[in-house]
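As structure tokens, the structure follows; a few thoughts come after it.
The model shown is predicted, which means the values in this text are computed figures rather than measured ones. Both counts, for ligands and for their atoms, begin at 1 and track the order of listing.
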Amino acid sequence: MTPAASTPIESQVDTHVAHAVLAGLTSEPKRLPPWLFYDEAGSRLFDEITELPEYYLTRTERAILARHADEMIARAAEEASRPVQLRIAELGAGSAEKTRILLRAAVAQQGDVLYEPVDVSATALLVAQARIEREIPAVRVRPLAMDYTNGFAFEPTGPGERRLVLYIGSSIGNFEPREAAHLLAKVRAQLRPGDGMLLGVDLVKDEQTLLAAYDDAAGTTAAFNKNMLTRLNRDLCANFDPDAFTHRAVWNPERSRMEMHLESRMAQCVRFAALDFEAEFEVGETIHTESSYKYQPGEAEDLLARAGFAPSASWTDEQGWFMVCLGQVD
Ligand code: AVJ
């Protein structure tokens, strides 16, 4: 036997991915967690989605930030007695494309700024760091590569410093409302009086607009959804035929969320060679791959308040499609 062939398969398998797949595909109905979207190809497809005409979220939030960044930064740094220096952290920073608007506003207000992006993808962080340091030299970038959903620790701020945590892009929408409140409370527990949290949430709107945003004409969202299967073929030696599944986007009004599913076009059996596991699909059976919760105006503030923040301001666009809220620690 060659050394390669005798290497235990387990040692090559990402156990985090393996556990997610075993739990999700043995449950009824079947599900897979949305973090599995973001391998290299998936992250690229997501960046493409943010530029689609139907995907209003990114450009709407960007417009809100562009219009109100100075006020957001000024409020976060507001202090009666002495000047404060803001330090900006960001959860799920990714390519940090929209963040640069806030960083520029902070530089204009205080001269320089320390930016601490947190993301599971170390490569995304390196790319973002290089770009920001080149474009805005007054920003020092200190990236932190980790899965912030499993707990995290910020470096304590010094005297005269305040931390502003960004959680923008509607990433919070992927969490069940109770999990979302729990995650924000964990962030709150790391902060001190005067620190703040800037939260971006997508708002409920007409169904047609929502459906188009998650089922675009070019098929990019369908490719993004199906890429999860391609990723599992690679990571777990599975034999999914991505074209044996159909992309489905559904508005669930009872739960106020968009859902993405992959629907099996036929009865089929998929084998995971790395796990010695098989998943059976009936014709029409679905895998639920993502929920994106949509909030009512006022609910984002409630979410912040439940996590222990005092909601201090919120900003929206003319159509009332997206909302950015600032919460502060009293
Ligand atoms: C990155 C979670 C905000 O829910 O809209 C884009 C991901 N899914 N198209 C979202 C996504 C389908 C996105 N978030």
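Taking the six-membered ring where the residue is Trp, the centroids of F240 and F245 are separated by under 6.0 Å.
In terms of protein heavy-atom proximity, atom 13 (C) of ligand 1 is closest to Y55 OH, 3.3 Å. When hydrogens are left out, the protein atom nearest atom 8 (N) of ligand 1 is E290 OE1, 2.6 Å; that is the closest non-hydrogen contact. G169 O, 3.1 Å is the protein heavy atom nearest to atom 3 (C) of ligand 1. Looking from atom 4 (O) of ligand 1 to the surrounding protein, the closest heavy atom is S292 OG, 2.5 Å.
Distances shorter than 4.0 angstrom occur between a heavy atom of M260 and an atom of ligand 1. Between S170 and ligand 1 there is a heavy-atom distance shorter than 4.0 Å. Not a single heavy atom of F37 sits under 4.0 Å from any atom of ligand 1. Under the 4.0 angstrom criterion for non-hydrogen atoms, F175 is not in contact with ligand 1.
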### Query
What's the verdict on side-chain contact (heavy atoms from CB on, under 4.5 Å) for Y38 and F46, showing C-alpha distance, side-chain angles and the deciding distance?
CA-CA 8 Å; Y38 301 96; F46 176 68; 3.9 Å; yes
### Task
Apply ring-ring contact (aromatic ring centres under 6.0 Å, His included) to the pair Y293 and F175, showing each step before the final yes or no.
CA-CA 7 Å; Y293 279 86; F175 295 91; 9.9 Å; no
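Judged purely by atom type and a 3.5 angstrom limit, D119 uses its side chain to pair as donor or acceptor with the backbone of A93.
At a 4.0 Å heavy-atom cut-off, ligand 1 touches Y214 through the side chain alone. Residue contacts with ligand 1, taken as heavy atom pairs separated by less than 4.0 Å, do not involve W35 at all.
At a cut-off of 3.5 Å, with distance as the only test, no side-chain donor of D70 or Q109 sits close to an acceptor on the other residue. In this model, no donor atom of one side chain and acceptor atom of the other lie less than 3.5 Å apart for E263 and T246. Checking Q328 against S312 by side-chain atom types alone, a donor-acceptor pair falls below 3.5 Å. Looking only at atom types and distance, the side chain of E54 has no donor-acceptor partner in the side chain of Y214 under 3.5 Å away.
Each of the atoms 1 (C), 7 (C) of ligand 1 lies under 4.0 Å from some heavy atom of Y38. Close contacts between ligand 1 and F46 involve ligand atoms 1 (C), 6 (C), 7 (C), 13 (C) [criterion: under 4.0 Å to a heavy atom]. For ligand 1 and N174, the ligand atoms under 4.0 Å from any heavy atom of the residue are 2 (C), 4 (O).
The closest side-chain heavy-atom distance from V270 to F281 is below 4.5 Å.
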